[in-house]
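Note sheet for the following structure.
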Amino acid sequence: MQLLRSFFLTRRFFLALTALVAGLTVAFFLPGWLVPLQLLLTLLGLLTLLDAALLYGTGGGVFGRRVLGDKLANGSDNDVAVYLENRYRFLLTTETIDEVPHQFQRRDVLFRAVVRPGETSVIRYQLRPTKRGEYEFGALNVYAASPLGLVRRRFRFDENRVVPVYPSFLQMRQYELLAASNRLTEVGVKRIRRVGQSLEFDQIRLYVPGDDPRRINWKATARRATTPEATDALAVNHYQDERAQQVYCLIDKGRVMRMPFEGLSLLDYAINATLVVSNIALRKHDKAGLITFSHQPGAMVPADRRSGQLRQLLEVLYRQKTKYLETDYERLYLTVRHHIRQRSLLILFTNFETLYGMQRQLPYLRQLAKSHLLLVVFFENTELSAFLTAPATTTQGVYKQTVAEKFAQEKRQIVRELNQYGIHSLLTAPQNLTANTINKYLEFKARGLI
């Protein structure tokens with residue numbers, strides 16, 4: 001039974017058989033063709049048996065395996081590799097079908113390859129998940145055919161593997177590598193000149209050319225002059241960037257974050273950006289924390305910079321689910337007031353589509369801004385932006401563009417009103433969310449606001 005399940009006749013066999021059947025039909029009227037066609041039919045049968053014997057009776061085979069990470073990154077292109085090893089003594093023509101999870105809705109995971117005897121062929125492709133959760137991979141089906149090409153044998157590998165999809169740690173690593181090599185400008189992060197003095201004392205050391213003369217410590221210099229090993233060098237105070245500031249990402253899980261963009265919801269864009277910003281904050285020696293909220297308080301990770309903090313944030317972000325109900329900002333204010341006693345940077349990821357919607361929450365935003373540095377991040381409607389740039393050729397089109405311009409104007413009015421109350425805001429397209437949020441964080445650091 002197992003043999004029959006792996007045995008398949010190829011298209012070449014059926015074409016040859018169809019041609020012979022057609023010839024035998026014609027031979028009914030032309031008797032001289034009958035014997036040669038019967039011989040050809042017998043030859044086809046013998047070649048088919050020989051082909052089956054090559055694939056099933058020579059002791060060879062095909063070994064295949066799918067190679068991918070223990071987890072996939074949401075919203076990123078994840079590399080998948082399929083390795084095929086030919087253990088036969090003859091050339092193989094293979095067709096590989098990978099049973100990817102149904103969430104991808106992929107119908108193009110059929111790959112053809114020719115593998116020489118004793119060699120390994122590598123097939124590479126990418127998968128881009130758009131939802132967090134568990135994804136179940138099916139079997140890796142390899143259909144192998146000999147040079148005769150009349151029979152195919154199916155091999156199955158890597159059946160029923162479950163892989164979780166986490167927030168985009170690939171995007172986080174990309175920013176981390178670019179930051180390590182001072183190439184963040186390649187992804188839209190600006191070089192920001194320090195204009196503030198958010199510094200803390202580090203040590204006293206000897207003056208070297210280029211040091212700021214205003215930092216000369218005259219008392220320390222005078223004390224050195226009284227010691228036997230004294231030199232004529234001046235002593236200066238050395239400072240370093242102020243560290244251990246608290247950075248909290250507040251993620252709105254309400255229905256306003258359900259809007260999709262390129263397959264991902266705004267909520268998942270905010271989750272991915274939170275992971276990257278938290279990693280950058282930890283690299284800047286600040287403390288990273290998290291609060292999620294909707295109609296009721298969600299998860300909370302106190303701000304810290306211990307070694308396992310980023311891993312804890314990743315696990316908490318992975319588990320976030322929502323019923324997309326109305327957000328309760330009063331509960332958010334009470335949660336922040338109760339749990340965050342030190343002045344912190346609060347990066348609030350939410351979405352306001354109308355000025356009235358923002359004004360309803362404005363009292364709570366103002367209360368948060370009194371005790372903390374608040375940055376409200378919300379999203380441009382990119383579909384409206386594309387609609388506004390398209391030419392209107394009909395009266396109906398002009399009317400629709402007028403309505404679209406009204407909504408776009410309300411977004412800009414929200415920014416102005418927040419600024420009027422001293423609340424920092426960031427209106428951004430979803431695809432630029434991470435880079436723009438990092439720019440704001442670095443700007444606050446440079447201006448000494450945190």
Side-chain angles (χ1 to χ4, degrees), residues 63-85 94-113 120-142 156-181 183-184 186-188 251 260-280 310-321 429-435 437-438:
F63 175 75
R65 61 190 177 100
R66 180 199 302 118
V67 178
L68 71 163
D70 294 333
K71 53 183 179 288
L72 300 179
N74 191 25
S76 298
D77 291 326
N78 298 262
D79 294 325
V80 182
V82 175
Y83 290 84
L84 301 178
E85 181 185 349
T94 64
E95 289 187 356
T96 302
I97 300 177
D98 196 357
E99 297 177 359
V100 300
H102 66 87
Q103 292 95 329
F104 292 108
Q105 293 296 299
R106 292 278 296 268
R107 299 293 183 269
D108 58 347
V109 283
L110 187 150
F111 309 98
R112 294 180 173 86
T120 300
S121 177
V122 183
I123 300 169
R124 302 183 187 277
Y125 67 100
Q126 292 181 325
L127 294 174
R128 181 179 182 269
T130 55
K131 291 183 179 179
R132 287 168 290 114
E134 292 186 340
Y135 285 52
E136 183 175 356
F137 284 80
L140 179 67
N141 300 277
V142 181
R156 291 170 66 87
F157 308 97
D158 293 339
E159 297 188 43
N160 302 325
R161 180 183 177 186
V162 177
V163 180
V165 174
Y166 273 72
S168 187
F169 53 88
L170 292 180
Q171 185 186 55
M172 179 194 72
R173 290 173 184 169
Q174 176 193 9
Y175 277 85
E176 185 175 355
L177 290 173
L178 292 174
S181 55
R183 293 165 51 203
L184 280 174
E186 296 180 11
V187 289
I251 301 179
F261 178 80
E262 294 185 353
L264 259 69
S265 67
L266 297 183
L267 174 62
D268 280 307
Y269 275 103
I271 286 174
N272 288 345
T274 294
L275 187 62
V276 177
V277 172
S278 298
N279 187 37
I280 294 292
L310 191 63
R311 177 66 183 177
Q312 183 180 0
L313 289 171
L314 179 63
E315 291 294 338
V316 172
L317 290 171
Y318 167 70
R319 294 193 299 268
Q320 293 311 298
K321 297 180 180 180
Q431 69 269 29
N432 300 327
L433 172 64
T434 301
T437 307
I438 293 174

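Please read these numbers as outputs of a predicted model, since none were measured by experiment.
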Hey, does [Y] have a side-chain heavy atom less than 4.5 Å from the side chain of [X]?
X	Y	answer
L275	N279	no
L127	R106	yes
L267	Q320	no
F104	V109	no
R66	E99	no
I271	N74	no
F111	V82	no

On a heavy-atom basis, which atom in [X] and which in [Y] lie closest, and how many Å separate them?
X	Y	answer
T130	G263	CB-O, 3.4 Å
P430	F261	CB-CD2, 3.6 Å
A73	L170	CB-CG, 3.6 Å
R128	G75	NE-O, 3.4 Å
P101	Y135	CG-CB, 3.6 Å
K71	V163	CA-CG1, 3.7 Å

Main-chain N/O of D268 paired with R132 side-chain donor or acceptor, under 3.5 Å: no
Any donor-acceptor pair under 3.5 Å from T94 side chain to A113 backbone: yes
Atom CG of D108: over 12 foreign heavy atoms under 6.0 Å: yes
Distance-only side-chain donor-acceptor flag, Y166 / E315, under 3.5 Å: yes
Side-chain H-bond candidate by donor/acceptor type, D98 with Y125, under 3.5 Å: yes
Ring-face cation of R65 near F157 (centre distance under 6.0 Å, axis angle within 45°): no
When rounded to the nearest 0.5 angstrom, what is the spacing between [atom1] in [X] and [atom2] in [Y]?
X	Y	atom1	atom2	value
T274	L317	OG1	CG	6.0 Å
L264	K131	CG	NZ	10.5 Å
I123	Y83	CD1	OH	11.5 Å
Q431	E262	CD	CD	6.0 Å
M172	S76	CE	OG	11.0 Å
D70	R161	CG	CZ	6.5 Å

Counterpart residues, side-chain hydrogen bond (donor to acceptor under 3.5 Å, both in side chains), relative to E95 (two or more places apart): R112, R152
